[in-house]
Amino acid sequence: MKKYFLLFLLSAFTSSLLAQTPKEMAAAIEKEANENSQLPQLAHELMDVIGPRLVGTPQMKSAHDWAVNTFSKWGISAENESWGTWRGWERGITHIDMLSPRVVSLSGRQLAWSPGTSAKGIEANLITIPTLADSLAFNNWVSAVKGKFVLVSMPQPTGRPDYNWEEFATPESFEKMKSDRNAQQQAWRQKIRNTGYTSRTINRALEEAGAAGIIQSRWSSGFGANKIFSANTKKIPVVDLSLEDYGMLYRMVENGGNPLIKVVAQSKELGRVPTFNTIATIPGTEFPDEYIVLSAHFDSWDGGTGATDNGTGTITMMETARILKKLYPNPKRTIIVGLWGSEEQGLNGSRAFVEDRPAVVEGLQALFNQDNGTGRVVNLSGQGFLHSYAYLGKWMEAVPESITKHIETNFPGNPGRGGSDYASFVAKGAPAFSLSSLSWSYWNYTWHTNLDTYDKIVFDDVRNNVILTAILTYMASEDPEKTSREKAVLSINPRTGEKREWPSPRSPNREGGID
Ligand SMILES: [Zn+2]
């Protein structure tokens with residue numbers, strides 16, 4: 001009798017520990033996220049120590065290994081799943097100096113996959129592209145680039161962003177600057193068209209004509225911010241210079257000066273290297289073949305350290321998994337963290353996963369992706385799933401109002417066609433959603449720029465997103481019903497006047513970096 005009573009007490013105790021109400025679980029998640037946040041440490045290790053995560057670089061591989069180790073420290077099993085190969089490349093020292101008419105170190109860097117130089121570097125003078133009548137005139141002129149660095153970007157008339165002009169200029173002066181700049185841009189486009197090339201293809205023509213290297217400056221319309229993408233030459237280096245230094249060199253050449261610069265750019269080619277997704281799994285206990293996927297791309301461009309694109313999405317999903325493993329170790333459904341490789345070159349890692357793991361796509365209860373900066377989530381679309389309101393709305397009810405009050409919802413919405421990895425799943429008709437952030441000047445200042453670094457992370461907002469994602473995941477896991485995939489009748493696209501079609505799946509590039 002006594003023994004049974006004890007047993008009864010024990011089972012009542014354990015079930016009260018486990019049978020939390022959504023409200024209790026949400027409160028526990030909030031407490032853990034706020035009082036024991038691992039976000040600053042994760043961000044430091046990933047952004048400061050490992051650095052940018054360009055596909056095919058050793059840093060990308062280090063990041064995958066770091067993620068697996070970090071998950072395993074939390075008791076979560078994880079592995080790196082290979083899905084293809086890429087051109088291996090590693091950035092080295094870039095040093096760009098002006099040697100004459102005075103000595104100054106310039107602010108710039110090699111573009112991704114740019115051919116390198118020797119440790120001695122290349123010393124050469126500079127040349128700008130003149131306005132020529134047509135491609136014949138260009139072909140007659142082009143031998144002039146031999147042995148020179150070519151300045152291929154339009155020099156910006158101002159290094160002040162428009163918002164700064166708007167604040168301080170007279171309205172007349174602001175309008176005049178914009179209209180002069182428009183005219184300059186039009187003339188520049190015409191000048192490039194006249195050569196018979198585009199701004200992308202002209203570099204190869206300059207290379208073939210014997211240029212020593214290409215100097216560009218791709219200003220991102222914010223103080224000190226430049227976009228840093230990839231080079232497209234075979235042998236000669238392509239470097240991006242800050243607006244300030246580029247403008248100075250351009251004015252010197254145009255004024256008949258003959259500046260001399262030296263470029264050291266010691267990158268290494270590493271042959272073909274494998275590419276990965278990091279996949280972490282907390283197995284489900286009741287419906288192990290149904291899945292909630294916490295999704296973020298892991299790769300980045302390498303002008304900065306990929307802090308907001310997509311370091312913040314990455315640490316959001318890792319921290320969410322850590323908290324759930326601690327508070328909700330035996331979920332009803334299987335929880336997967338997908339940290340995708342090579343999103344930046346066309347959603348390649350997630351498209352490969354969709355092809356290679358059809359059972360997860362088939363069993364998907366919901367996927368939550370975060371990939372547009374450090375801001376708190378302000379937008380949630382139903383992605384064209386007719387009944388998305390019913391389940392997402394129900395799950396959102398467990399999220400504190402301090403978080404949901406910022407979120408505008410849009411049901412059933414339209415299916416995402418690209419932009420980030422949820423689209424790879426939506427294309428297969430699987431319920432995948434984007435936790436879409438407030439911008440924090442993402443497009444000008446951090447997206448694919450040299451300034452996408454740790455200091456731009458707004459930890460309060462990222463923590464807000466962790467709490468949101470963890471509660472949505474818990475609710476999706478606990479939901480007695482599997483989510484509906486019924487598609488809404490899509491609306492007319494006002495731009496084309498035609499009915500929208502559901503996007504179709506696309507295959508990844510599994511052999512990247514070959515032209
Ligand atoms: Zn991104």
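Just follow the structure's listing: the first ligand is 1, and inside any ligand the first atom is 1. As the structure is a prediction and not an experimental result, all values here were calculated from the model.
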E343 N/O/S atom closer than 2.8 Å to the Zn ion (ligand 1): no

D371: its N/O/S atom lying closest to the Zn ion (ligand 1) (atom name): OD1

Less than 6.0 angstrom separating the ring centers of F229 and H448, yes or no? yes

Would E344 count as a contact for the Zn ion (ligand 1), in the sense that one of its N, O or S atoms lies under 2.8 Å from it? no

Do we get K456 above Y445's six-membered ring, with its NZ or CZ under 6.0 Å from the centre and within 45° of the axis? no

Relative to W502, does K487 satisfy both conditions: NZ or CZ under 6.0 angstrom from the six-membered ring centre, and within 45 degrees of the ring's axis? yes

Is the gap between the ring centers of F353 and W83 under 6.0 Å? no

Looking only at N, O or S atoms, which one in D309 sits nearest to the Zn ion (ligand 1)? OD1

Sidechain N-carboxylate O distance under 4.0 Å for K31, E35: yes

N/O/S atom name from H297 that is nearest to the position of the Zn ion (ligand 1): NE2

